[in-house]
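Written below as structure tokens is the structure these notes are about.
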Amino acid sequence: MSGQLLYSLEDAAEQLGGISTRTVRRLIDRGQLSTCKVGRRLMVVAESVRNYVDGNMQPAHNQPCAGKVVQEESTCQESVNAIRTGYSPARTRHIGGRASRMNAANQLAEALALDVKKIHNN
């Protein structure tokens, strides 16, 4: 068997991509990393670091959460054009500054297709 058997907290943190030793302690507390006491020192078992990495590996892309356009060629031309050009047929309102209560009420009424005149008269 070659390689190190045990890592110090600092070495384990470095092996896990440079995380903090506090995060290593949290992983130990959760039981995700195994430890061994050598004298007064708390050491992390190298095999548990490898197992932790192997158990938390994910593919380079997030296929289960990716949309159809990312996974395969989409048949919806509108969505393909929206992705290529950044254009969306949805109406976008650009309002500068901070919205007042009345402005927010008007926008909500418009979004809900309510008659704004009736709301203001009440």
Side-chain angles (χ1 to χ4, degrees):
M1 182 178 223
S2 64
Q4 256 182 295
L5 294 176
L6 302 172
Y7 293 126
S8 67
L9 295 180
E10 293 80 15
D11 290 340
E14 187 62 35
Q15 290 295 317
L16 290 170
I19 63 175
S20 70
T21 55
R22 177 73 182 125
T23 301
V24 172
R25 287 189 180 276
R26 288 184 190 122
L27 293 171
I28 292 168
D29 291 342
R30 287 187 215 136
Q32 294 175 305
L33 293 177
S34 301
T35 60
C36 176
K37 272 206 130 172
V38 179
R40 292 183 179 182
R41 288 186 72 182
L42 183 66
M43 304 294 284
V44 179
V45 178
E47 188 64 29
S48 73
V49 173
R50 288 186 206 96
N51 291 339
Y52 177 78
V53 172
D54 289 342
N56 288 297
M57 285 181 49
Q58 296 178 359
H61 55 83
N62 195 359
Q63 189 169 5
C65 297
K68 185 175 182 179
V69 175
V70 175
Q71 293 178 11
E72 58 189 49
E73 201 60 38
S74 175
T75 57
C76 177
Q77 192 60 40
E78 184 176 315
S79 67
V80 171
N81 287 339
I83 290 171
R84 286 187 190 145
T85 63
Y87 169 76
S88 173
R91 185 172 173 218
T92 306
R93 287 187 83 173
H94 297 284
I95 302 171
R98 197 170 148 202
S100 67
R101 289 183 187 181
M102 186 58 80
N103 193 1
N106 288 339
Q107 288 177 12
L108 179 61
E110 185 180 315
L112 297 174
L114 299 175
D115 189 4
V116 178
K117 292 176 187 172
K118 287 182 183 178
I119 294 171
H120 291 303
N121 290 335
N122 290 336

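For the single chain, residues carry numbers from 1 onward in sequence order. Just so we're clear, the structure is a prediction, and the values are computed from it rather than from any experiment.
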Among side-chain atoms of Asn51 and Ser48, is any donor-acceptor pair under 3.5 angstrom? no

If you compare all heavy atoms of Arg50 against all heavy atoms of Gln4, which two are closest, and at what distance to 0.1 Å? NH2-O, 3.9 Å

First locate atom OG1 of Thr21, then atom CD of Glu14, and finally report the distance between them rounded to the nearest 0.5 Å. 12.0 Å

Check whether any side-chain heavy atom of Arg25 lies under 4.5 Å from a side-chain heavy atom of Leu9, and answer yes or no. yes

Picking from Leu42, Val44, Thr35, what satisfies side-chain contact (heavy atoms from CB on, under 4.5 Å) with Val24? Val44

Does any part of the side chain of Lys37, heavy atoms only, come nearer than 4.5 Å to the side chain of Arg41, both counted from C-beta? no

Rounded distance [0.5 Å steps], CZ in Arg30 versus OH in Tyr52: 7.0 Å

Tell me, do Leu16 and Leu33 make a side-chain contact under 4.5 Å, heavy atoms counted? yes

When clusters are formed by joining ILVMFWY residues with side-chain heavy atoms under 4.5 Å apart, either directly or through shared neighbours, do Ile28 and Met43 land in the same one? no

When you group the ILVMFWY residues by side-chain heavy-atom contacts below 4.5 Å and let the links chain together, are Leu27 and Tyr7 in the same group? yes

